[in-house]
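To start, the structure under review is shown below, and the notes come after it.
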Number of protein chains: 2
Amino acid sequence: MVSIKEIAKEVGVSPATVSNALTGKGRVSSQMIDRIQAVAKELGYRPSLAGRALQRGQTGILGLVMPDLTNPLFPRIAQQLSIAADAQGLGILIGDSRGNPDEQSQALHRLVDRGVDGLLVVPQMGAFPEPQPVPTAIIHTASDPRNSVSGDHAGGGSLIARHIAGLGHKRVVILGGDRVSEVQQDRIAGMVQEFATSVETRVLWGEDELSDLITAVSDGATAVMTTSDLLALRVLSHLTRSGFSVPRDVSLTGYDDLPLAWAMHPALTTIAQDVPQIATRALEIVTSLINGNSAPSQGEMVPMRLVIRQSTSKPNPRQESNP
Amino acid sequence: MVSIKEIAKEVGVSPATVSNALTGKGRVSSQMIDRIQAVAKELGYRPSLAGRALQRGQTGILGLVMPDLTNPLFPRIAQQLSIAADAQGLGILIGDSRGNPDEQSQALHRLVDRGVDGLLVVPQMGAFPEPQPVPTAIIHTASDPRNSVSGDHAGGGSLIARHIAGLGHKRVVILGGDRVSEVQQDRIAGMVQEFATSVETRVLWGEDELSDLITAVSDGATAVMTTSDLLALRVLSHLTRSGFSVPRDVSLTGYDDLPLAWAMHPALTTIAQDVPQIATRALEIVTSLINGNSAPSQGEMVPMRLVIRQSTSKPNPRQESNP
DNA sequence: CTGTTAGCGCTTTCAG
DNA sequence: CTGAAAGCGCTAACAG
């Protein structure tokens, strides 16, 4: 490993001057800078982040903690974050809370112990992370006041509900995956609120109530809305098995816009999060905090986008299948 | 930040002794160790990884580079790796090659510059990473001799082909996603080899040839095999649209065992990789290399597992739909 | 404009 | 068994 010292010796100046020349802190004649840079390149000098970290007390590393790395959004967030981060010379260290609050705080601790300069965390369902000694951005849901930035889950719910209402549906069933998830609650709240009294809605939760959902459709509901694309795919299976055709007999919507949404048939009408935007803002928040500025815009909400595909259409009149 | 020095002062010994006591390098009386540990805990001492890294020349951080963090396997690999890694006190820094060879080598460089002790890389399609100055484990495909550990893609192909052959299918169409992918080539090679001459096979590639696939099915193929679950979902869409029922008219298989495989209808027969095993082995290889030992078992192959669900069945005799 | 000195927190000889 | 000293690579403070 070629160090700043060797360059100094080679050029015949002091290490400090080399440092100054290389980091552009001024105070060095431009011809000296040139010479130093030349030698540095020639020797293949790479600054030691470890040395710098020790001196500056900053590692240039951010920690990313997600509830479950298996989360369908993780890849997209991680990708955007990693791109945005290394544009600023920052690295991303991953931590997995493994679907459990204890592990979440352990993951947080491990990262802090490693000396991360900041934290980006998508909280575990129902387990808000305790405050950490480094700047932290929380990516959660707008209804949580401690949130730093999030997609507008409720707004997305309204958006897609408006689409369904606009098609003329009067009876809809909403299926959530897990009651504990605030994100899903918000999505559903947005839908319900949008429908208000103009549309009759029934909310069901989880795999267990899938059969109730079929019953509800048999009883005349013309649209099924879910809180995730995967759930929608499940529903589609059951619907098909029970002889209902989508969207002819019943319209179906998802949420998230995963790759499977366009791969399935009929392609799924769903809501897309602007993940890059969310990731970028989260990063801006921590970096700003790290630089001692206050966070720009706490609790910011990034709008969702409605993606209309083939799984939704106007309701068709249907004869009752129950007496 | 409480340092080793403060503990030393508090206890009335030298920093060196504290270090020895805390890192268990022996050479310290056990009662002294107890006292030091007590004080350390009381003061809330956390060792500075930066200081240690500088001194030891090791950061305790591994770099993980994937071709595209959006890759469906990324979450599972990242998760397993992160769990296995921090069991050993190692951290995982992510790098994204963004689907392009140039970015791949840049990502590698960035991580090396950051001082990672080792690298885990899933190579970009058609772009094998140049050798790096730190121990590296390549997670690729067994047919590549530079590979360190991989799922047995060809073996998985054989496995699922055997299942199809066993059901009695005589004419099958195989659909790959991207010709450039060696992984997909291997999967298909495994299938083709297993069928040998006993089953008539036709290999198609990409979204463009989906219509040919339908034609082939119309012409009498009774099974469609794909190199990924997502592709299988696509195929299912087209098949259904063209009036074919799965598995009645035609059997369908995927590869990867993504969540969507069981969510779709009919649930997909597919091949599951033992991702934890692969991740663990990859980690063992780099850590072993880091510790100066040679890699245990280069080029290891982790067996795949056949997951039989409802998308495959015996072929049904069918009348030709073409004259 | 440049150099010297000092020290970030830790470990590792080498003496005591 | 314990301590003193040196140094990992870098930068900030203060001379010159």
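Reminder, nothing fancy here: chain letters follow the sequence lines and each chain counts from 1.
Residue A:Ser48 places its side chain closer to D:dG9 than to any other of D:dT11, D:dG9, D:dA4. In this structure, the nucleotide among D:dA4, C:dC8, C:dT11 sitting nearest to the side chain of B:Ile4 is C:dT11. The side chain of B:Asn20 lies closest to C:dT12, out of D:dA13, C:dT11, C:dT12. Among C:dT5, C:dG9, C:dT11, the nucleotide with an atom closest to any side-chain atom of B:Leu54 is C:dG9. Here the nucleotide nearest the side chain of A:Gln55, chosen from D:dT2, D:dG9, C:dG3, is D:dG9. Comparing atom distances between the A:Met32 side chain and each of C:dT5, C:dT2, C:dT12 picks out C:dT2 as nearest. With C:dC1, D:dT11, D:dG3 as the candidates, the nucleotide lying closest to the side chain of A:Ser29 is C:dC1. Comparing D:dG3, C:dG9, D:dG9 by their closest approach to the side chain of B:Ser3 singles out C:dG9.
Interatomic distance, A:Leu64 CG to A:Phe74 CZ, rounded to the nearest 0.5 Å: 6.0 Å. With rounding to the nearest 0.5 Å, the separation of CD in A:Gln124 from CE in A:Met66 is 10.5 Å. Between atom CD of residue A:Gln55 and atom CG of residue B:Leu54 there is a gap of 10.5 Å, rounded to the nearest 0.5 Å.
Computed from coordinates, the A:Arg114 CZ to C:dC10 C1' distance equals 16 Å when rounded to whole Å. When rounded to the nearest whole Å, the span between CG of A:Asp113 and C1' of C:dG9 equals 15 Å. Residue B:Ile33 contributes atom CD1, which lies 12 Å from atom C1' of D:dT2 at whole-angstrom precision. One can place OH of B:Tyr45 at 10 Å from C1' of C:dT11, the figure rounded to the nearest angstrom. Distance A:Gln58 CD to D:dA12 C1': 15 Å, rounded to the nearest Å. Between the CG atom of B:Leu49 and the P atom of C:dC10 there is a distance of 10 Å, given to the nearest Å. Separating the CZ atom of B:Arg56 from the C1' atom of D:dG9 is a distance of 17 Å, rounded to the nearest angstrom. Distance B:Leu22 CG to C:dT12 P: 13 Å, rounded to the nearest Å.
Here A:Arg52 reaches the OP1 or OP2 of D:dT11: one of its side-chain N or O atoms lies under 4.0 Å away. For C:dG7, the OP1/OP2 oxygens have no side-chain nitrogen or oxygen of B:Lys5 closer than 4.0 Å. The phosphate of D:dT11 has OP1 or OP2 within less than 4.0 Å of a side-chain N or O from A:Ser19.
Counting any heavy atom pair closer than 4.0 Å across all strands shown, B:Gly115 reaches no nucleic acid atom.
Aromatic ring pairs are classed by plane angle as parallel below 30°, tilted from 30° to 60° and perpendicular above 60°; the pair B:His140 and B:Phe128 is tilted.
Side chain to side chain, A:Thr141 and A:Asp186 meet the donor-acceptor criterion of an N or O pair below 3.5 Å.
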